[in-house]
Amino acid sequence: MTGDDVAPSDEVARLRTELVDAHERLAELANLYVTTVRIHERLERSSVEEAIREVVISLVGSECFGLFEWREGTLHPTTYFGLAPAQLAWARDVGPRVIYGMTETVVVREPSDVSVDGGEAFVALIRLRDDGSDVGALVLFEMLPHKPRLGSADRALLEVVAEQGAKALRRCDAARGRSVVASAKQSSATQGARE
Amino acid sequence: MTASSARKKKILIADDQNTVLMLERMMLSQAGFDVSEAHDGEEALTRAAADKPDLILLDVTMPKMDGYEACRRLRARPETRDVPIVLVTTRSEFANMQTGFAAGCNEYVTKPFNAVELVATVRRYLAS
């Protein structure tokens, strides 16, 4: 059958499919855009952490997660939501070994594969890396009951959180470092003037 | 086209999460609606009285006053008794939905939501 022989109903069905796909893509792009804007909205750690929390809860669909950062070789919780002590302990004791073994930025597991005993306690683990170095990790331990699985759009969103979240946290720390140095210099200059 | 049919429909969005507010505001504004915002249930009541919205999107888990109580109070007021109210929440359990409908909501949407579908839901209620 040539293009000229395509029945109008087939063409309508094809266009309807394309329209549905376009709407899905629009929704995904809206999420990606809002996530990026919100993460970089203010040069304050609390703002970045709040943005990440809101994205994970309301755009991805998890109320059991933690954002951890590397401090002297250990993962320390920066911000978390709905975590049990066992999950915090997992991040501290098992998480580093799991992350060192990762070759991908985002690892997503099937809910049936999640098992605390086996050391695979997470549904998704996202490495936060900036300029090639590890900043930390975002770990999703459970999904909301009505959203048991993460799809490709969620994975893309989590990759944005990983990349932009790491950059934003580093920028905040750099800005705070400059601010501390500037305050120290000003304080020293004022001290000198008094003397 | 008459002046009344040219008026943009007004949507009040209430959520304590700025990310959700940004997403809803962006999509609804692009769809041609006037959007006002509230960050908790109490502010939602105040904004509803001032802005007289044509539809309200109401988060459930909010500080000061949750969405269920805000919905009940909106339904108790003559000026908002008939305004369509859509609850938007992470709570999907049947008991939560029952609470929402008992409070007087018209529709119950779970997060995470598809923003394009949310706009379609809003259009559907405003068309009817």
Side-chain angles (χ1 to χ4, degrees), chain A residues 19-42 44 46-65 81-82 124 140 142-151 153-158 160-161 164-165 168, chain B residues 11 13-33 35 37-40 57-63 66-67 86-101 107-124:
Chain A
L19 185 58
V20 168
D21 290 345
H23 282 169
E24 281 297 319
R25 185 64 185 141
L26 175 59
E28 289 166 19
L29 285 171
N31 282 350
L32 292 169
Y33 173 79
V34 167
T35 295
T36 306
V37 169
R38 280 285 292 132
I39 284 176
H40 291 292
E41 202 163 37
R42 288 202 299 271
E44 292 165 12
S46 59
S47 174
V48 177
E49 292 166 16
E50 177 188 81
I52 292 175
R53 276 199 307 274
E54 291 177 356
V55 167
V56 174
I57 291 170
S58 292
L59 303 192
V60 177
S62 169
E63 289 186 329
C64 186
F65 64 90
F81 192 96
L140 277 57
E142 290 172 22
M143 301 300 296
L144 289 168
H146 57 279
K147 174 119 182 242
R149 272 184 182 76
L150 291 164
D154 298 310
R155 195 184 182 97
L157 194 52
L158 290 170
V160 166
V161 172
Q164 301 305 323
Chain B
I11 314 294
I13 57 177
D15 203 297
D16 62 330
Q17 292 189 359
N18 287 323
T19 302
V20 176
L21 286 176
M22 180 182 285
L23 180 62
E24 289 177 348
R25 180 179 63 240
M26 182 178 75
M27 297 301 287
L28 291 167
S29 297
Q30 282 181 354
F33 299 108
V35 181
E37 296 177 9
H39 298 83
D40 58 65
L57 292 178
L58 204 52
D59 180 29
V60 168
T61 312
M62 290 189 288
D66 69 20
V86 177
L87 288 178
V88 185
T89 174
T90 54
R91 302 279 167 264
S92 63
E93 292 82 5
F94 184 65
N96 296 116
M97 290 189 193
Q98 281 187 309
T99 305
F101 286 112
E107 183 108 6
Y108 195 96
V109 170
T110 53
K111 293 177 183 175
F113 55 80
N114 179 305
V116 172
E117 289 176 6
L118 187 67
V119 172
T121 298
V122 167
R123 282 204 169 110
R124 191 169 70 244

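FYI, side chains are in, hydrogens and waters are out, and symmetry mates aren't considered; it's all heavy atoms of this structure. Below, chains carry the letters A, B, ... as their sequence lines are ordered, and counting in each starts from 1.
Residue A:Tyr33 places its OH atom among 12 or fewer non-hydrogen atoms of other residues, nucleotides or ligands, all under 6.0 Å distant. Within 6.0 Å of CZ in A:Arg42 there are 12 or fewer heavy atoms belonging to other residues, nucleotides or ligands.
Taking the charged nitrogens against the carboxylate oxygens, B:Arg91 and A:Glu63 do have a contact shorter than 4.0 Å, which makes a salt bridge.
Residue contact with chain B, scored on non-hydrogen atoms closer than 4.5 Å, involves the backbone and the side chain of A:Leu59 alike. Residue contact with chain B, scored on non-hydrogen atoms closer than 4.5 Å, involves the side chain of A:Glu50 exclusively. Contact annotation for B:Glu93: only side-chain heavy atoms (C-beta onward) come within less than 4.5 Å of a heavy atom of chain A. With a 4.5 angstrom heavy-atom cutoff, B:Asp15 does not touch chain A via any of its atoms. With a 4.5 angstrom heavy-atom cutoff, A:Val60 touches chain B only via backbone atoms.
Comparing A:Ala51, A:Gly61, A:Ser58, A:Ala153 by how many heavy-atom pairs each has under 4.5 Å with chain B, the most go to A:Ser58.
Using cut-offs of 30° and 60° for the angle between ring planes, the A:Phe65 and A:Phe81 rings count as parallel.
Proximity of a side-chain donor or acceptor of B:Thr90 to a complementary backbone N or O of B:Lys111 within less than 3.5 Å is not detected.
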